[in-house]
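From a predicted model like this one, the values you see are computed outputs, not experimental measurements. Numbers here simply count residues along the sequence, with the first being 1.
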Amino acid sequence: MAAVEKALASGVIGAGEKSERDPDALRASYLQLLHLVERLHRQLLDVIKDELERLGQTDINSVQALLLYNIGDAELTPGELRSRGHYLGSNVSYNLKQLIDKGYIREQRSDTDRRSKRVSLTAGGAHVRDKLSELFERQLGSVEQVGGVDLSLIDQTNKALKRLERFWADQVRYRL
């Protein structure tokens with residue numbers, strides 16, 4: 001098992017060269033996938049942080065900017081943001097409060113249920129969202145040539161990640 005992990009880490013063998021029925025290879029690849037998912041999320045936040053710094057936008061962090069991007073043109077409750085699976089409860093509440101205080105998000109109480117709040121972007125929040133959209137569009141222009149990531153690979157990756165998402169959701173939902 002350790003030999004497979006070392007071979008994978010060193011690039012001596014690739015995923016296509018392993019037997020699909022080899023439990024040690026499956027374990028090594030699965031653990032590598034877990035590590036990559038976590039690391040990719042952190043790297044995305046670093047890319048966003050770098051872009052914010054280039055723009056001189058130092059009053060919010062990358063998590064808050066990504067939250068603005070994910071809200072987009074919608075008007076949502078904090079619970080809807082949490083249920084989308086992007087944010088933890090206390091994390092979204094803290095970041096929403098920060099963004100409201102800084103003028104990036106407006107908060108409105110529901111007319112029917114005064115306890116319920118809805119949030120949407122202000123002009124400042126829409127500006128940050130637009131800058132992230134521009135960043136992602138720029139990346140689309142080079143991801144295939146520079147990154148070697150084409151449509152087919154993206155579609156395969158999305159399919160695999162959606163299956164894992166469903167698998168992990170079932171682990172929690174059904175306590176498997």
Side-chain angles (χ1 to χ4, degrees), residues 5 8-11 15 29-108 117-169 172:
E5 288 174 347
L8 279 171
S10 68
S29 290
Y30 183 70
L31 293 176
Q32 182 182 31
L33 174 88
L34 296 178
H35 182 70
L36 281 170
V37 166
E38 180 185 6
R39 203 169 73 211
L40 284 171
H41 179 66
R42 283 195 310 265
Q43 285 181 323
L44 172 62
L45 293 177
D46 286 346
V47 167
I48 293 170
K49 178 180 180 273
D50 185 58
E51 184 70 8
L52 292 173
E53 287 173 356
R54 276 186 234 187
L55 297 169
Q57 190 87 45
T58 58
D59 60 333
I60 62 172
N61 63 41
S62 55
V63 171
Q64 292 166 342
L66 193 56
L67 181 59
L68 294 172
Y69 179 81
N70 286 324
I71 291 171
D73 291 328
E75 187 176 286
L76 305 165
T77 66
E80 289 169 327
L81 284 168
R82 283 187 294 270
S83 69
R84 288 181 176 190
H86 298 295
Y87 309 97
L88 299 173
S90 60
N91 187 5
V92 75
S93 298
Y94 171 80
N95 284 311
L96 282 175
K97 178 162 179 12
Q98 292 289 308
L99 291 166
I100 290 166
D101 291 347
K102 293 174 182 177
Y104 291 100
I105 289 182
R106 77 177 61 81
E107 179 180 54
Q108 240 180 324
K117 298 177 187 177
R118 300 195 71 72
V119 296
S120 60
L121 302 184
T122 63
H127 175 75
V128 172
R129 179 214 47 219
D130 292 346
K131 291 301 178 186
L132 286 187
S133 291
E134 291 171 14
L135 166 66
F136 298 149
E137 285 297 318
R138 278 196 323 268
Q139 290 176 339
L140 276 171
S142 63
V143 71
E144 193 168 10
Q145 297 84 1
V146 177
V149 180
D150 64 7
L151 177 60
S152 173
L153 182 57
I154 290 173
D155 286 343
Q156 290 172 350
T157 304
N158 285 339
K159 184 177 179 180
L161 290 173
K162 285 178 185 177
R163 286 181 180 177
L164 280 169
E165 179 182 33
R166 192 171 43 248
F167 172 74
W168 288 335
V172 173

Can you sort out the partners of [X] under salt bridge (Lys or Arg N to Asp or Glu O under 4.0 Å), two or more places apart, ordered by chain and number?
{"X": "E107", "result": "K117"}
{"X": "R54", "result": "D50"}
{"X": "E38", "result": "R42"}

Kindly determine whether D155 and K159 satisfy salt bridge (Lys or Arg N to Asp or Glu O under 4.0 Å), including the steps that lead there. CA-CA 6 Å; D155 286 343; K159 184 177 179 180; over 6 Å; no
Listing request: all ring-ring contact (aromatic ring centres under 6.0 Å, His included) pairs with a residue in residues 122-144, at least two apart in sequence or in separate chains. Y69-F136
Which heavy-atom pair separates [X] from [Y] by the least distance, and what is that distance?
{"X": "L153", "Y": "G148", "value": "CD2-O, 4.1 Å"}
{"X": "Q64", "Y": "Q98", "value": "NE2-CB, 3.4 Å"}
{"X": "I60", "Y": "L52", "value": "O-CD1, 4.0 Å"}
{"X": "L132", "Y": "A65", "value": "CD1-O, 3.3 Å"}
{"X": "R106", "Y": "T122", "value": "NH2-CA, 3.5 Å"}

side-chain contact (heavy atoms from CB on, under 4.5 Å) against D59, all qualifying residues, sequence neighbours excluded: Q57, Y104
Measuring from atom [atom1] of [X] to atom [atom2] of [Y], what distance do you get when rounded to the nearest 0.5 angstrom?
{"X": "K97", "Y": "S93", "atom1": "NZ", "atom2": "OG", "answer": "11.0 Å"}
{"X": "D130", "Y": "L135", "atom1": "CG", "atom2": "CG", "answer": "12.5 Å"}
{"X": "E75", "Y": "L121", "atom1": "CD", "atom2": "CG", "answer": "10.5 Å"}
{"X": "L99", "Y": "N95", "atom1": "CG", "atom2": "CG", "answer": "6.0 Å"}
{"X": "E51", "Y": "R138", "atom1": "CD", "atom2": "CZ", "answer": "4.0 Å"}
{"X": "L76", "Y": "R82", "atom1": "CG", "atom2": "CZ", "answer": "11.5 Å"}

Hey, mind stepping through T157 and V149 against side chain to side chain contact (heavy atoms under 4.5 Å, CB included) and telling me if it holds? CA-CA 10 Å; T157 304; V149 180; over 6 Å; no
Lys/Arg-Asp/Glu bridge criterion (N-O < 4.0 Å) met for K131, E134: yes
Intermediate values then yes/no, side chain to side chain contact (heavy atoms under 4.5 Å, CB included), K49 and L45: CA-CA 6 Å; K49 178 180 180 273; L45 293 177; over 6 Å; no
Inspect the surroundings of CD in Q145 and state if more than 12 heavy atoms from other residues, nucleotides or ligands are less than 6.0 Å away. yes
More than 12 heavy atoms of other residues, nucleotides or ligands under 6.0 Å from CD of Q43: is that the case? yes
Residue set satisfying side chain to side chain donor-acceptor pair (under 3.5 Å) with K102, at least two apart, ordered chain then number -> none
Are side-chain heavy atoms of L33 and L164 found at a separation under 4.5 Å? yes
Would T77 and V119 count as a side chain to side chain contact (heavy atoms under 4.5 Å, CB included) here? Give the steps. CA-CA 6 Å; T77 66; V119 296; over 6 Å; no
Does the S62 side chain pair with the main chain of I48, one donor and one acceptor, at a distance under 3.5 Å? no
Residue pair V63, L67: steps toward the side chain to side chain contact (heavy atoms under 4.5 Å, CB included) verdict: CA-CA 6 Å; V63 171; L67 181 59; 5.7 Å; no
